[in-house]
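Numbers restart at 1 for each chain; the letters A, B, ... are given by sequence-line order, proteins then strands.
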Amino acid sequence: MSEHMESLNFIEEIIEQDLKSGKYAEIITRFPPEPNGYLHIGHASSICLNFGLTKKFPGHTNLRFDDTNPSTEETEYVDSIKEDIRWLGFEWKQELYASDYFGQLYDFATILIKKGLAYVDDSSSEEIAIQKGTPTTIGTNSPCRNRSIEENVDLFSRMKNGEFADGSKTLRAKIDMAHTNMLMRDPILYRIKKAPHHRSGNKWCIYPMYDFAHGQSDSIEQITHSICTMEFIPHRDFYDWAIEKLEIYPSHQYEFARRNVNYTVTSKRKLLQLVQEKHVESWDDPRMPTLSGMRRRGYPAIAIRNFCERIGIGKRENLVDIGLLEFFVREDLNKTTSRVMAVLDPIQLSITNYPSEQTELLPIENNPEDETSGERQVPFSNKLWIEREDFKEEMEKKWFRLAPGAMVRLKGAYIVKCTDFKKDAQGNILEIICEYIPESKSGNDTSGIQVKGTIHWVSQTNAAVAEVRLYDRLFQVENPMSEEGDFLDYINPNSLQIISKAYIEPSLSHAKTGQAFQFIRKGYFVLDKNSTSDNLIFNRTVTLKDNWAKVQGK
RNA sequence: UGACUCAUGGUGUAACGGUAGCACAACUGUUUUUGGUGCAGUUUGUCAAGGUUCGAAUCCUUGUGAGUCAACCA
């Protein structure tokens, strides 16, 4: 009933007005990646924006690969991009490629030449750079600027036919070498590149530049709202110029500020470097900010979508706290994952008054947040593994775990009282000795004893073994790109910690790749894709919030 | 010595000339067989100076600060 006016971001406001005014009956947006790398969290923001817009308003979104540079693009990237978008939960109306428009783009270029608005230039890249001038001094005209239309038409077709070497000629727009916008100083439209293209093969040896492909592709597809990041603002002048001169469908470009996340980098070049120089295992290394990395890390797609929606879009510089993403990850996983017990840093706990030959199965709820999740049977015996950090040699104030004389509940089992412990000559604790309270059985406790602490455990005779990989942030500083020197200097040397032998409860030996769990008190974990039944591998997705750690830190 | 963007708590984002709100983070308390979760609450903000107005985060002026632009990359 109470229809609250939902607040719109600035692009949604523009669209709402365009729809209301009748400028468009429906809108068309596009997500236009270049297939030269894997998608990352920054792309997720753009994907959620573009696809989200046409969920909210009538219209549709296309996927268009901006593949105009054959030397950097590969089909492997095309495939990963499609997989990542689908995983995020979006489906495009049409799958399109700028390379499909090479013929049309060539015709567009010829139109400009015939209108006297483009010319073939023999200048080298160095000469062109000099002609450009600087932001504060005007440029100079190329000596080729006044070639006749006939000569330009002839030269351009010979460029296409492969008569000239790479770099020997370009096609340039004839605009204004004194323009305050550097990009309007006769920008290059076409270059010669005798390289095979991932889709068109050797059919072409001239390729359009971004500026002479993107806006034109938008126009061909009748994109109504072409959304890109702020660094393309200076390109909008040319975007509009070309549409006007070509007299084609007037798409419009809108810009928002790219989303940056702290403790990571999201430049494709830097990410590629991290992979190539083996600072990480692969593009989908769980420490990477790529969508495939986050998927392997165990981040649910819904968490990424909620994150993107929450941070919204704007036009100002930003550095979003990765903690917000982690919040959404925990929020979803808390509701959906089964609780299980795993001991990462084991120490033996022996119960002296429990029959040594006995094993009993105890029912433990799978997820207290989900009444329908049921329960499972967990074996219990007199020799258990517990977490080394759950024991202290001497009792302290506010310590709710084990210490000599202290009592805790073993999750889902009994209350135990620590009676003794054993140390070796070096002072390492070898074993904790306890007595259990038979009347304190979980769910049937008649002991009347109240304890503050509950700890997790695994029965030694029934335990399975797994490798557990603990991940931390990839960089030690919030913004590696703004620090002095090389960003690689700021890599966190402890971003990956491998525990080769953790003890896990037997139910976990049937886990499936990608299946997520909460290891009680330790965090959320997911079975890695390289896991086998002989060698189980769990990735820690994210820790639980830890108030105890905060108290200790004080 | 240019053009173009931008400026709201620690972070991100609302407000469309009329009560500065939301989320995260932080901090209290409470619940809890996870020091998790849930619940209740607290703290913290309009870059500055002028101006217009009954009234300014919002409009105007000036200043300050940050970012972008000179790839045959996208």
Side-chain angles (χ1 to χ4, degrees), chain A residues 7-9 13 32-34 36 66-69 71-73 121 123-125 128-139 166-172 179-183 185 188-193 206-207 209-211 213-214 228 230-237 255 257 259 262 268-269 306-307 310-321 323-328 330-331 334-335 339 341 364-365 368-369 398-401 408-413 415 440 442-443 445 451-456 478 518-523 543-552:
Chain A
S7 81
L8 303 176
N9 66 48
E13 282 185 7
E34 183 188 13
N36 68 345
D66 232 338
D67 54 350
T68 58
N69 184 359
S71 40
T72 58
E73 295 153 6
D121 194 345
S123 304
S124 68
S125 61
I128 290 177
I130 292 165
Q131 291 162 20
K132 283 259 181 183
T134 74
T136 52
T137 59
I138 63 172
D166 284 15
S168 63
K169 282 182 169 43
T170 56
L171 183 72
R172 288 227 259 167
H179 205 287
T180 53
N181 181 348
M182 298 291 291
L183 282 155
R185 322 242 263 224
I188 293 172
L189 268 26
Y190 265 92
R191 78 284 213 184
I192 301 169
K193 225 171 201 175
I206 58 171
Y207 293 93
M209 298 287 290
Y210 167 86
D211 283 303
H214 200 100
C228 59
M230 301 269 285
E231 60 265 32
F232 290 95
I233 288 177
H235 294 255
R236 193 174 62 229
D237 281 342
E255 309 88 8
R259 262 68 258 290
N262 61 8
K268 273 193 202 167
R269 232 195 81 229
N306 287 341
F307 172 72
R310 226 324 147 190
I311 63 179
I313 61 159
K315 296 188 107 171
R316 49 177 168 147
E317 279 271 298
N318 60 81
L319 187 60
V320 185
D321 192 342
L324 183 60
L325 211 204
E326 292 176 339
F327 164 80
F328 287 111
R330 291 190 185 103
E331 183 185 55
N334 176 50
K335 288 182 295 203
R339 274 61 171 166
M341 295 196 285
I364 301 183
E365 64 185 348
E369 304 296 314
K398 291 206 172 177
W399 177 255
F400 302 154
R401 286 121 90 152
V408 297
R409 173 171 293 282
L410 296 170
K411 172 70 184 177
I415 291 172
S440 67
S442 184
D445 186 344
V451 293
K452 295 278 266 188
T454 299
I455 65 172
H456 60 280
E478 278 204 66
Q518 184 195 102
F519 288 4
I520 290 178
R521 303 207 299 139
K522 299 297 337 176
T543 58
L544 259 26
K545 269 175 62 178
D546 190 351
N547 278 315
W548 171 242
K550 276 184 205 164
V551 171
Q552 282 179 308

[X] side chain near [N] phosphate (N/O to OP1/OP2, under 4.0 Å):
{"X": "A:Arg259", "N": "B:U13", "result": "yes"}
{"X": "A:Lys550", "N": "B:C27", "result": "yes"}
{"X": "A:Lys193", "N": "B:C73", "result": "yes"}
{"X": "A:Arg521", "N": "B:G35", "result": "yes"}
{"X": "A:Arg191", "N": "B:A74", "result": "yes"}
{"X": "A:Asn9", "N": "B:A14", "result": "no"}
{"X": "A:Arg310", "N": "B:U11", "result": "no"}

Indicate, yes or no, whether a donor-acceptor pair under 3.5 Å links the base of [N] to the side chain of [X].
{"X": "A:Glu255", "N": "B:U5", "value": "no"}
{"X": "A:His235", "N": "B:A74", "value": "yes"}
{"X": "A:Thr454", "N": "B:U34", "value": "no"}
{"X": "A:Glu317", "N": "B:G12", "value": "no"}
{"X": "A:Arg401", "N": "B:G35", "value": "yes"}

Contact class for A:Asn181 vs. all strands (heavy atom < 4.0 Å): base, sugar-phosphate, or nothing?
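Contact class for A:Asn181: none.
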Closest non-hydrogen atoms of A:Arg172 and A:Thr170, given as atom of the first, atom of the second and distance, are CG-OG1, 3.8 Å
